[in-house]
Amino acid sequence: MLRLKRFSWKTNSLFAKLMISFLVVIAVLALFNFASFLFLKSKIHQEIVKYNQSNLNHTVEQYENHFRLTWETIISLNQDDIFRANLNLLRNVQKFNAYDKVGSVMSAIKVLIANPFLSIENIMLYFKNDSYVVEKEGTSGAKDLFSRYYASSEYPPEFWFRQFDESYTYQLFPASSFTEISANTQKNKGQLLPAVIKLMPYKDMYFIVMLDPKKMFNSYHYSDHSDFYILNEEGAPIFSSSPSVKGPLGQSFEGQNGSFTSNKLYYFYQKGEQTGLTYVSVVPITSISNQLMRLNILFITLLLIIILLSIVTSVVLTMRLNRPVKKIIEAVQQCHPAAMLVSSPIHEFNMISEKMSSILRTNDQMTEDLDKKKDQLRYYAYTNKLRNIHMNLTDLRELVVADTPFTLVLYQLTMKEKFAELDSELEKAVYFIREYINIFLSQAYKDTITFQMDKDTVLTLFFFPDDTAGIESALEQLIQVLEVDRDLFFLTMAVSPIYPDSGHLISAYEYASTMLLQRKLNDETQFIRTFRPAKGAIHFTVLEEEEFSTRFMSGNEQSVLDWIHRHLDALCKREASVDEFRRFAKEVYGQLNKSLMKLNLHREQGELPPLVLDHLNSFYSIDTYKQWFKQLLSPAIERVNHKKSDHDPTTHFILEYLNQHLEQDITLDIMADKLNITPGYLSTYFKEKTGANFSDYLNGLRMQKAKELLNNLDLKVQEISVKVGYQNVNSFIRMFKRYSGITPGEYRKMYGTQKA
C-alpha cells in the first residue's frame, strides 16, 4: 500500500502511465466483447438451425448413397455371366435338376452380406415357379420361411407372393420386427428394413434385401439431441429412430427441403432426389433455448472473470515492470549524476536515453567477444541445419562460411537379424554409433563435424582437408573398430572429393548419396572411393516380358523361379550393386502386376501392395532375394492355378492337352474340333481366360520346354526340335531366337554348361 501511495502523486511516472494504459485497454476490450456478443447472439440461433439442417443434409446424402449402392450391388450380380446362368437354372430348379447351383448363389450372397458397409442382414431370392427361397442359410419353402424363420405380422407369406404382380423395380417397405419361430421358442431377429428389387426381364423371381436400419441410423445420423424418421412418397413412415417419434398433425412437407416448428418441436426435412423419400429430423425447441441460455451464462461469467483477472494482472505487471526500471535508473544516476536531461513526460525514459551510448559501447564489446567464438557458433549452425539438408537448401547455403574447403563422408548403417533379437531401438543404436564416430574422428582430425542425417545415415564434414591420405587412414581405423560388432551391423562409407567452399555442400551430399548406391550385395563394411553415375531403372526387353508372362501364366512356380534365379545369378556374376538388385526386384514386381491384370486376377486379389518393396533396403544376400521372390510369387501362381483348374474346365483341358502333346502338330482348329466349338470362339475365350493368344502361348510353352531339354547335353538340337513339335529344325531355331534373343546352341553354351 505504501508503494502504491508513493506512485500515486507522480502522474508522469512510468507506473502511472502503464496502469492507466492497462485499464483503458481492459475497458475497450470488455466493451468490444460485450458489443460483439450482443451482435452475434441473434445469429447464434440461426447458426444452430443451419447446423441441424447441415447435419440432416449429410444424413440424407449417406442414406441415398446407401440405397443406391444396394440397388447397384444387386444389379452387379446379374452382370456376372456365371451367376446369371445359375439364376436361369434355379428359376426351374426341379425341371433342370439344378440343385447343385444353390451353393454358388449362396456364396455370392454371403460375400455381399460380409461387407460391413452395406448393413445387410440377409439377401433372399424368391422363385415363383417352385415357390422356394434361396438365402444365406440355404433354401426353404417360401411359406415356411416367411411364417417361421422371418415371421412378421406386417409381412405374412401372402404379402411376399403378391409382390410378383406389382410393376415396380425397386421398393422400400416400412421397417418391422422379425421373429424366428422354432419348436416352442422364439428368437427375435430385431428390426429389419425390407427392400424388394426386381431385375428385367425376370417376372418369376425377385430379390429381397433385409437391411439393418438401426446400424444405418447409428452410422449416418450424428445428432445427440434429435430424433429421426423416414417417410415414403405417400407420407407413411418406413423407419423411426424411436417409437415415440411422430409427425406433426396436419403438416405437409412442401418443397425439396425446409424446416418448421410444431408442438414445441423443430422439424427439419429433406427429400431424397433418387428415392423420393422424405427424411425428417426432430429437435426439441427447449434444447436450442437451453444452449442459448448456457451460452449467456457462460459468456457473462467468463467476461467478469477476465475483467477481474486483467485488473489484478495489470497491477502486478505494472509494479514488476516499474521496479526494475527504477533500480536501473538509480544505478545509472550513481555512475553519472550530472548527465540526466529531462525532455520527456516520463522522466525514466529520459535517463535511459542518456545512457544509450554507454549501452552501445558495451554492445560493441559483446560483439567483439562473439566474433572470437565464431567457430563455435558455426558448429551449432551446421548442427541445426544439416539435419534438414533435403528441406532447407537455400537457407543452408546462406548460413555456412563460403570460403572453407571441405570433404564430406557419408555413412549408411544396415542392421542384421541378430540386432533385432537384442530388442534394442534403432534410433538409440544409431545415436551411440554417431557419437562414437564424432569422438573418434575429432581426436584424429581436429576440424570435423558429425551429424545424424536420417534414422540410418550419418555424415561427417572435414574442413581444410589438406591431408586426404590422413583422412582415409583415420576412416580405415574407424572401420576396424566398428568391425568388432560385425554380427550386429555393417557400414557403407562414401567419401566425396575436396570442394573449394561450402557453397557446394549440397552437391557434395548428393554426390556421396549416389556413391552409396554402388554398394555390392554382401554383409561386409565397404568403403567407396570411386564415383560411378547411378543407372536408370531396369526394363525388360519385349522377349523377356513375353518369357516371364508365359512362365507365370503356365502356373509352374518352379519355372518362374528358375528364370528369376538365372537373372539373379547373372547379377551376382557381374558383381552388380545393391541398387541394381533392387531395381530388378521392382521390375519383376511390376511385371507380376501386369500379368495379374491380364488374367483379371487383380479384381479378386487386388494389386500387390507396394509396401513389400520397403524390405528391399535391408537385403544383403542373394538368398534373401530368392526367398523374397518365392513369398511374392507363390500366392499369385496359386491363384492362377486355382482359376485354371477349379473354375474353368475348358481352359484346364486345353492346358493339360498342350503340356502332354507338345511334340504333336497342334493348331487352333484341332483344339476347337476336340471341344466341338468354332476356332474364332475358342481364340477369344482362350485370350480372355489366360491373357495370351493361343499361338503365342503354345510357342512360349514349347520354348520353355526346349530350354529345359537344352540343359541335357546328350540330346541334339534336332532331337529337341522334334520333341517340342517342330519337324523342321530351322523353324525351331528361328522361333527360339525370337523368344530368347539367342540361338539354341548359344543358349546351351551359356546355361547348359552350368547345369552340367
Side-chain angles (χ1 to χ4, degrees), residues 63-115 117-143 145-146 149-150 155 157-175 192-213 216 232-233 238 272-277 600 603-604 647:
Y63 267 100
E64 290 290 298
N65 289 338
H66 193 103
F67 292 140
R68 175 184 55 78
L69 181 59
T70 302
W71 162 260
E72 292 177 351
T73 299
I74 299 302
I75 293 298
S76 65
L77 280 176
N78 195 48
Q79 294 176 353
D80 185 88
D81 295 338
I82 297 177
F83 185 87
R84 188 167 58 248
N86 292 337
L87 203 63
N88 288 324
L89 293 174
L90 292 177
R91 289 167 58 198
N92 295 278
V93 66
Q94 294 183 359
K95 177 181 177 181
F96 296 112
N97 193 23
Y99 297 100
D100 59 326
K101 306 301 180 183
V102 172
S104 176
V105 174
M106 287 174 59
S107 298
I109 291 174
K110 290 179 179 179
V111 169
L112 296 181
I113 295 174
N115 188 341
F117 299 104
L118 295 178
S119 300
I120 296 177
E121 193 275 338
N122 201 351
I123 298 177
M124 307 174 183
L125 282 74
Y126 191 171
F127 296 93
K128 181 178 180 181
N129 292 340
D130 296 308
S131 189
Y132 76 101
V133 179
V134 177
E135 44 101 16
K136 65 180 182 180
E137 301 295 339
T139 61
S140 301
K143 184 176 181 180
L145 178 70
F146 296 120
Y149 300 106
Y150 281 86
Y155 300 105
E158 296 78 11
F159 170 83
W160 300 109
F161 186 78
R162 289 196 303 270
Q163 301 312 307
F164 284 107
D165 300 328
E166 301 295 335
S167 59
Y168 59 80
T169 57
Y170 183 27
Q171 182 70 43
L172 289 167
F173 293 98
L192 299 176
L193 179 64
V196 174
I197 301 174
K198 297 182 179 182
L199 301 179
M200 299 299 291
Y202 308 123
K203 295 183 179 180
D204 55 355
M205 63 80 61
Y206 64 80
F207 288 82
I208 303 172
V209 181
M210 291 294 187
L211 298 170
D212 189 337
M216 295 168 62
N232 60 19
E233 295 180 350
I238 66 172
E273 296 181 357
Q274 301 180 30
T275 62
L277 300 175
N600 291 326
R603 297 179 181 176
E604 305 174 15
H647 298 287

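Numbering starts at 1 and runs along the sequence shown. Here the structure is a predicted model, which is why all the values come from computation and not from measurement.
By the 4.5 Å heavy-atom criterion applied to side chains, Leu69 and Leu118 are counted as neighbours. Looking only at side-chain heavy atoms (C-beta outward), Val133 and Trp160 stay at 4.5 Å or farther from each other. Between Ile208 and Ile123 the shortest side-chain heavy-atom distance does not fall below 4.5 Å. Using a 4.5 Å heavy-atom threshold, the side chains of Tyr168 and Gln163 count as touching. Inter-residue side-chain proximity for Leu125 and Leu87 is flagged as met; some heavy-atom pair is nearer than 4.5 Å.
Residue Glu72 qualifies as enclosed at atom CD: its count of foreign heavy atoms under 6.0 Å is above 12.
Pairing each heavy atom of Pro174 with each of Pro194, the nearest pair is O-CD, 3.6 Å. The two residues Phe96 and Leu89 make their nearest non-hydrogen contact at CD1-O, 3.8 Å. Residues Tyr63 and Pro213 approach most closely at OH-O, 4.3 Å, considering heavy atoms. Minimum interatomic distance between Ser167 and Lys198 (heavy atoms only, all atoms of both residues): N-NZ, 4.5 Å. Closest approach of Leu90 to Val102, counting heavy atoms only: CD2-CG2, 3.8 Å.
Considering Tyr132, Tyr206, Phe164, Tyr202 as possible partners of Phe127, the one that fulfils the ring-ring contact (aromatic ring centres under 6.0 Å, His included) test is Tyr132. Checking Phe146, Phe173, Tyr126 one by one against Phe159, the ring-ring contact (aromatic ring centres under 6.0 Å, His included) holds for a single residue, Phe173. Looking at Glu137, Glu135, Lys136 one by one, the single match for side chain to side chain donor-acceptor pair (under 3.5 Å) with Asn122 turns out to be Glu135. Exactly one residue among Val209, Leu211, Asp212 makes a side-chain contact (heavy atoms from CB on, under 4.5 Å) with Leu193. That residue is Leu211.
Ring centers of Tyr150 and Tyr155: at least 6.0 Å apart, outside the cut-off.
To the nearest 0.5 angstrom, Met205 atom CE is 10.5 Å from Asn129 atom CG. To the nearest 0.5 Å, atoms CZ (Arg68) and CH2 (Trp71) are separated by 13.0 Å. Expressed to the nearest 0.5 Å, how far OG1 of Thr169 lies from CD1 of Ile197 amounts to 9.0 Å. Summarising the geometry, atom NE2 belonging to His66 is positioned 4.0 Å from atom CE belonging to Met216; distances are rounded to the nearest 0.5 Å. Here the CZ-CG distance, from Phe83 to Leu77, works out to 4.5 Å after rounding to the nearest 0.5 Å. Atom CE of residue Met106 and atom OG1 of residue Thr139 lie 8.0 Å apart, to the nearest 0.5 angstrom.
Here the side chain of Asn88 pairs a donor or acceptor atom with the backbone of Arg84 at under 3.5 angstrom. In this structure, Ser104 contributes its side chain and Lys101 its backbone to no donor-acceptor pair below 3.5 Å.
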